[in-house]
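All values derive from a computational prediction rather than experimental measurement.
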Amino acid sequence: MLRAHETEIAADAAPGGCYGNAMATKQHLYLVDGSAYIFRAYHRLPPLTDPEGTPVGAVYGYTTMLWKLADDLHKADGPTHLAVVLDKASTSFRNEIYSEYKANRPEPPEDLVPQFPLIRDATRAFSLPCIEEPDVEADDIIASYARAATRQGWDVTIVSSDKDLMQLVGKCAEPDDGVEGGCIDMLDTMKNQRIDVPEVEEKFGVAPELVGDVLALMGDSVDNIPGIYGVGPKTATKLIQEHGDLEGALAAAPAMKKSKLKERLIEGADMARLSRVLVTLKEDCPLPVALDDLKLDAIPPGPLAAFLDRHGFTSLRKRLDTGTGSPARTTELSPAKQETEAAAPAEGASRQPLPDMPPCDHGAYECVTSLEALDRWIERAFAARLVAFDTETSALDAMRADLVGVSLALGPNDACYIPLGHGGTDMFAEKPEQIDREKALERLKPLLESDTVLKVGQNAKYDLNVLARHGIAVAPVDDTMIVSFCLDAGRDENLRGHGMDELAERHLGHSCIPFKDVCGTGKKAISFAEVALDRATCYAAEDAEVTWRLHRVLKPRLSDEGGTRIYERVDRPLIPVVASMERHGIRVDREKLAGLSAQFAEEIGALEAEIHGLAGESFTIGSPKQLGEILFDRMGHKGGRKGKSGQYSTDQSVLEDLAAQGVAMAGKVLDWRQLSKLRSTYTEALQAAINPDTGRVHTSYSLVGAQTGRLSSTDPNLQNIPIRTEIGRQIRDCFVSEAGNVLLAADYSQIELRLAAHMADVPELKDAFAAGEDIHARTATEMFGVVDRDTRARAKTINFAILYGISRWGLAGRLGVEPDEAQAMIDRYFERFPGIQRYIVATLEKVRGCGYSETLFGRKTWFPRINSKRQAERQGSERAAINAPIQGTSADIIKRAMVRMGPALEDAGLRHVRMLLQVHDELVFELPENDVAAAGPVIERVMAEAALPSVRIDVPMGIEIGSGTSWGAAH
DNA sequence: GGCCGAACGTA
DNA sequence: GTACGTTCGGCCC
């Protein structure tokens, strides 16, 4: 019967018998892997509930995905047929051949369980066929449908990201029915990515038909497929690449050189063959619904509306009513379709065009070259009370760059560019017509400083600094980059930087003109000042306009998603504060640096000669590759271990071991490395970083640099200036105050441990901090009963290990003990401080459930891999998730202190105290020597009380303050 | 010129 | 074991 159907369909699909190029008649079956999808949706979306309190986050994600698919049905490669396949199997044929199959699969989270039946409801609401079979796994059903469809010449898209299904990609049917076979690809709707043969090859390093062989070797801990112990994706791929296929790799094992891998391959050969069978998809399952019954038709709005109402999906309901972006519509799409599709509220990750916004039109931008035109824009901006702005400059360094132009945007395709410095700064050079820079800035200043007009920037700190150098104090300011950071920190590995191009792609579906297309790259790069005005206008006005659009999409999400508090109270007010610190910069003693550099150079030279002498040949000491070969191959020293790159490791611990064995060269190389590092990274680089205009070093802080909320510092990085060794400390002495001034350093002592004691509610630790005790000594007492140098050092290590998310192996490595012993210490720690264990368990539960961690001030950090099936990935996320609330709360506290510091000093009449640097738990100020006595207590109080009144930490904040004419002396 | 991994500086 | 940024060699195009 089935055959009859298939033949019929094949005939339908190709009127006139023409298969090859008839896009319009080609059938395209979409197979949605529903079960896998909701697991992913569950972990990516917030824990929403419907009006009755049923958790529906995953269902919501699933519904929007179906909506989008149904919407694509008129596209060239959109679906003509669609089925949702659900996993109903508790057992399958795989259990018959391997009883352990899926034996250790964990129970799904409890707020996901009630969502499974809703998936069926949602599918029915769309009037889509839902296929599930007892004792047949979804993957096998999908494979069977895919196979049957391609046999008929249909194309197939599998909506899933399951790696097992990637075996099917590209596979075409044999032309046994006289039909040209269709092709199979996959669609990952979460990442909005098509997976075709090249993507599979990129992921696995082999063609799709060999993916099963790779999977068989690597196994799968979630499905409990054994594979070969110790073989992961990398090794599996390599083996298959080298030996052709699984049997080839197994056959080659006996001839391999002696290694763990060789033994395991030989011993595990049968397990690998069994795994191969387990990962093979069954392609001949009976098809419970005939292919042509999967035809996608008009979707009746009635059941869908009822479903959306019932679960409170109001935004989708609105879309259904207005018919905009409605999947129920079957008419051809209007050209405006893309823009009328509403953004889903809960999906920060969604890539959907904006409501009522036309696409960007570069032709609509105005190049403003007259004062009259400029005045019109300024007037309209005042009326609009919100203007997105951007500055174009001649370089990336805000403290050195010349202002080249300013762009403004008031709405979609309502943007302009005001060129001010094109043609360069040469007074006699030929320049394009443009408004005089000073005159234009004079007009812009009232707008940019007006209390009643919100200025929106993307990384506005940069523009603030550029304009501050022209006497304009831009305020008030919103920053789309910071908003994105407050909403989506860590949410997607592809969006770490919150840069405009990425945000535009993600939230607007818009690709910005790449900067390199305008200014070129590398040697041939030109300054923005050299760019012709028409091209400059497109690029610059687009930047302002995209910023305007991003603001419109992102800002409302703050209140919806609980980001307002951290944005308004911490990160947003910090922008001008950090901008001001950057502008002040810090003085460094160039002569002293140069002196150190010369001294280091001499010592480096001497060490080099000694090392070459000991080696018996000349080589590049800075090359770990060459060094490893010399030490372990040529000189035959023991202790060589190779990392995954196949290279010997020659890091500090390895060299220290060698030195302890009496290898003179190892110690010399360590000294050489320290001096080389200090010289190239600090004494040389810092001299080069001195700004010729100000004579000071101006770092650039990134406000979105660390997922936890910390700042980061670049160009130069002033957050990693040496302090631990005496020789490194000399570099801190090169950071100096101006004559008559001193530097004052104030740091939070042990802030992260104090926060851990508070957040985990550990009475012993809280008491110890309250009493001003030595916290590591107290820990040693609790742990070992005695305090001496050794137990205190161990206790300190363990305390830090806790903050970083502990593992027995990690702690063992640090303490130089066996993992068992380390585990015993961890157990003891948890026993003595049960609050710590409760904190860890509660934190992980929360993150696994809702996808993010939170600081005491409500800063979210997302951990998309917290439920990954890859153990290393998952455990890495777990450690980061344990650390993030502590590190992040610490970051919040010092940021709050920074925001309050200026006004507090001002109130105290201390107008000459300048905050210069922040190093995570330390603030560095420059101030007149005479102000130290008055400023110290103010600074201390602001820092100590920074959490209040929002949060009361029931442990005192210890602040240590010192001052001196150099940073080194201030410690 | 651009990218990656190793190594190492900080909290 | 957390969070970063920079330098270098080695390799690619």
Between [options], which one does the side chain of [X] approach most closely?
X      : options               : result
A/R724 : B/dA11, C/dG10, B/dG9 : B/dA11
A/Y804 : B/dG2, C/dC11, C/dT2  : C/dT2
A/S712 : C/dT2, B/dC8, C/dG5   : C/dG5
A/Q707 : C/dA3, C/dC4, B/dG9   : C/dC4
A/S623 : C/dG9, B/dA11, B/dC8  : C/dG9

Count the heavy atoms of every other residue, nucleotide or ligand shown that sit under 6.0 Å from [atom1] of [X], and state whether that count exceeds 12.
X      : atom1 : value
A/K846 : NZ    : yes
A/R828 : CZ    : yes
A/R729 : CZ    : yes

Within the structure shown, what part of the strands sits under 4.0 Å from [X] by heavy-atom distance: base, sugar-phosphate, or nothing?
X      : answer
A/I723 : sugar-phosphate
A/Q652 : sugar-phosphate
A/Y682 : sugar-phosphate
A/I721 : sugar-phosphate
A/E922 : nothing
A/D715 : sugar-phosphate
A/A801 : base
A/T699 : nothing

Would you say the side chain of A/N720 and the base of B/dG9 hold a donor-acceptor pair, judged only by whether the two atoms sit under 3.5 Å apart?
yes
On DNA chain C, check which nucleotide each of A/H920 and A/T620 is closest to and give me the residue with the more 5' one.
A/H920
5′-ward residue of the pair A/R710/A/P716 relative to DNA chain C
A/R710
Fit a plane to each ring of A/F528 and A/F515, take the angle between them on a 0 to 90° scale, and name the class: parallel (under 30°), tilted (30 to 60°) or perpendicular (over 60°).
parallel
Under 4.0 angstrom between [X] side-chain N/O and [N] OP1 or OP2:
X      : N      : result
A/S649 : B/dA7  : yes
A/R673 : B/dC8  : yes
A/Q626 : C/dG10 : yes
A/T650 : B/dA6  : no
A/T681 : C/dT7  : no

Test your reading of the model: is there a side-chain donor-acceptor pair from A/W862 to the backbone of A/L487, 3.5 Å cut-off?
yes
Which of A/R673, A/Q626, A/K625 passes side chain to side chain donor-acceptor pair (under 3.5 Å) with A/T650? Answer is A/R673
